[in-house]
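Note that the numbering runs from 1 along the sequence shown for the chain.
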Amino acid sequence: MSAAWEDWNHILKLDPDKDLVEGETFEDVCATGTDAIEIGGTLGMTEENMREMIQACADYDVPIYQEPSNPSVVVDSDALDGYLIPTVFNAGDIFWVTGAHKEWVRIEGGLDWDRTTTEAYIVLNPEASVAEYTDANCDLTTDDVSAYAEVAEKMFGQKIVYLEYSGMLGDPETVQAAADALEEATLFYGGGIHDYESANLMAEHADVVVVGDLVHDEGVDAVARTVDGANDA
Ligand SMILES: CC(C)=CCC/C(C)=C/CC/C(C)=C/CC/C(C)=C/COP(=O)(O)OP(=O)(O)O
Ligand SMILES: O=P(O)(O)OC[C@@H](O)CO
Ligand SMILES: [Mg+2]
């Protein structure tokens, strides 16, 4: 059976610490045409705000995945299709590569691995909260990025590699270099997608584009245009 994300073009990432645009509902959000909703963020995450947002999206016909930023915010909910768990390949602190995961396993005493997939993050915007949080070394050349992508897939068996430019539009050549380095793994791209053109551009290079802040800043019509851009690539 193929993994769900192999058929996706577009993910909408909802931040439990941010509001929707006034007048818009989670029903509207789930009707943007996105292939999946990922719930997560770096700052301001709690088990409670995660649970509320998962519940708010539960009744609509779109898969929901939680992307926890640390073990203490993981939510056990039947509404979830699964967990997408970051591991940050260029983190400055090993805690964000394997340490948090070890703690999660230790605390839980066993995980539902069938519902859990890791995402091999390469964090590339030094201004993003996630870069600061994980002390990521974002000073990477295109060759560094493609080499990390290859190591993620070939050495660590990662099924998903995630180029994370959160808050800024990334470099298409770097995204293409990462795509070229991968054989089977699915390449996610996220950061700064704000319209049809930017979604279309990044979806030419990555398998799946992730749209985040746009839903909180501009709303569902803007997100729907990025879905079109991704699907047309
Ligand atoms: C082991 C478990 C369950 C969790 C650990 C998972 C890890 C390693 C997390 C570190 C990376 C991280 C914080 C991922 C969260 C998803 C993410 C990158 C969100 C984007 O965040 P930003 O856009 O930088 O932050 P804000 O939107 O909160 O400002
Ligand atoms: O908020 P933006 O810049 O769209 O980034 C999306 C996502 O990659 C964040 O984790
Ligand atoms: Mg963000």
Does the side chain of S72 pick up a donor-acceptor pair with the side chain of E47 at under 3.5 Å? no
Please lay out, stage by stage, how T118 and F156 fare under the test side-chain contact (heavy atoms from CB on, under 4.5 Å). CA-CA 10 Å; T118 51; F156 290 93; over 6 Å; no
Is there a side-chain contact (heavy atoms from CB on, under 4.5 Å) between V175 and L187 once you walk through the steps? CA-CA 9 Å; V175 185; L187 182 63; 4.0 Å; yes
Mutual orientation of the aromatic rings belonging to W104 and Y83 [parallel < 30°, tilted 30-60°, perpendicular > 60°]: perpendicular
CG/L163 to OG/S146 distance, rounded to the nearest 0.5 angstrom? 10.0 Å
Within one Ile-Leu-Val-Met-Phe-Trp-Tyr cluster: Y165 and V145, side-chain cutoff 4.5 Å: yes
Side-chain donor/acceptor of H194 to backbone N/O of V211, under 3.5 Å: no
Does D76 CG have over 12 foreign heavy atoms under 6.0 Å away? no
Please determine whether side-chain contact (heavy atoms from CB on, under 4.5 Å) holds for the pair Y133 and N70, giving the CA-CA distance in whole Å, both sets of side-chain angles, and the decisive distance to 0.1 Å. CA-CA 11 Å; Y133 189 70; N70 69 72; 3.7 Å; yes
Exercise: identify the closest heavy-atom pair between A128 and S166: CB-O, 3.6 Å
Does A91 offer a backbone N or O that forms a donor-acceptor pair with the side chain of D135 under 3.5 Å? no
Y189 versus L169: any side-chain heavy-atom pair under 4.5 Å? yes
Flag the pair I39 / P16 as yes when at least one side-chain heavy-atom distance between them is below 4.5 Å, and no otherwise. yes
Distance col, row F95:CZ vs K102:NZ, nearest 0.5 angstrom, shows 8.0 Å
Please tell me whether L124 and I160 are part of a single hydrophobic cluster in this structure, the criterion being side-chain heavy atoms less than 4.5 Å apart. no
Tell me the closest heavy-atom pair linking A203 and A233, and the distance in Å. CB-CB, 3.5 Å
Could you verify whether a donor N or O on one side chain and an acceptor N or O on the other, from D143 and T141, lie under 3.5 Å apart? no
Minimum-distance pair of heavy atoms, taken over all atoms of F26 and C57: CD2-SG, 3.7 Å
Are side-chain heavy atoms of W8 and T34 found at a separation under 4.5 Å? no
Is any side-chain heavy atom of E127 closer than 4.5 Å to one of M168? no
Report yes or no: do I85 and V73 belong to one cluster of Ile/Leu/Val/Met/Phe/Trp/Tyr joined by side chain heavy-atom distances under 4.5 Å? yes
Stepwise, does the side-chain contact (heavy atoms from CB on, under 4.5 Å) test hold for C30 with I37? CA-CA 8 Å; C30 293; I37 287 181; 3.7 Å; yes
When rounded to the nearest 0.5 Å, the distance separating OG1 of T186 from CD of E119 is 11.0 Å
State whether the side chain of T32 and the backbone N or O of V223 hold a donor-acceptor pair below 3.5 Å, judged by distance alone. no
Return the CE to OG distance between M50 and S69, rounded to the nearest 0.5 Å. 5.5 Å
What I'd like to find out is whether the side chain of L140 reaches to under 4.5 Å of the side chain of Y148, using heavy atoms alone. yes
Between N49 (side chain only) and G44 (backbone N and O only), is there a donor and an acceptor less than 3.5 Å apart? yes
E48/R51 salt bridge by N-O under 4.0 Å criterion: no
Nearest heavy-atom contact between G170 and M202 is O-CE, 3.1 Å
Given W5 and Y162, is the ring pair (Phe, Tyr, Trp, His ring centres under 6.0 Å) satisfied, shown in steps? CA-CA 12 Å; W5 49 87; Y162 191 140; over 10 Å; no
I'd like to know if V161 and V123 are part of one continuous hydrophobic network [Ile/Leu/Val/Met/Phe/Trp/Tyr, side-chain heavy atoms within less than 4.5 Å]. no
Under a 3.5 Å distance rule, please check whether Q66 uses its side chain to pair with a backbone N or O of P68 as donor and acceptor. no
Do we see a donor-acceptor contact under 3.5 Å between the side chains of D232 and N200? no
Do M155 and V97 share a hydrophobic cluster, counting only Ile, Leu, Val, Met, Phe, Trp and Tyr and linking them when any side-chain heavy atoms are less than 4.5 Å apart? no
State, with a plain yes or no, whether a side-chain heavy atom of T142 is found less than 4.5 Å away from one of E173. no
Is the side chain of E38 donor-acceptor paired with the backbone N or O of L84 at a distance under 3.5 Å, no angle test? no
Non-hydrogen atoms of A181 and A149 that approach each other most closely: CB-CB, 4.2 Å
What residues form a salt bridge (charged side-chain N to carboxylate O under 4.0 Å, His left out) with R225, not counting sequence neighbours? none
Quick one: side-chain hydrogen bond (donor to acceptor under 3.5 Å, both in side chains) pairs with a partner in residues 86-96, sequence neighbours left out? none
Where is the tightest heavy-atom contact between P126 and A131, given as atom of each residue plus distance? O-CB, 3.8 Å
Tell me, yes or no, whether the heavy-atom count around E103 atom CD, taken from other residues, nucleotides or ligands under 6.0 Å, exceeds 12. yes
Do the side chains of L20 and V29 get nearer than 4.5 Å, heavy atoms only? yes
Are any non-hydrogen side-chain atoms of V105 and W113 less than 4.5 angstrom apart? yes
Taking H10's backbone N and O only, do any of them form a donor-acceptor pair with D35's side chain (distance below 3.5 Å, no angle check)? yes
Using only atom types and a distance under 3.5 Å, with no angle test, would you say the side chain of E183 pairs donor to acceptor with the backbone of E153? no
Check this for me: does any side-chain nitrogen of one of E6 and K159 sit under 4.0 Å from a carboxylate oxygen of the other? no
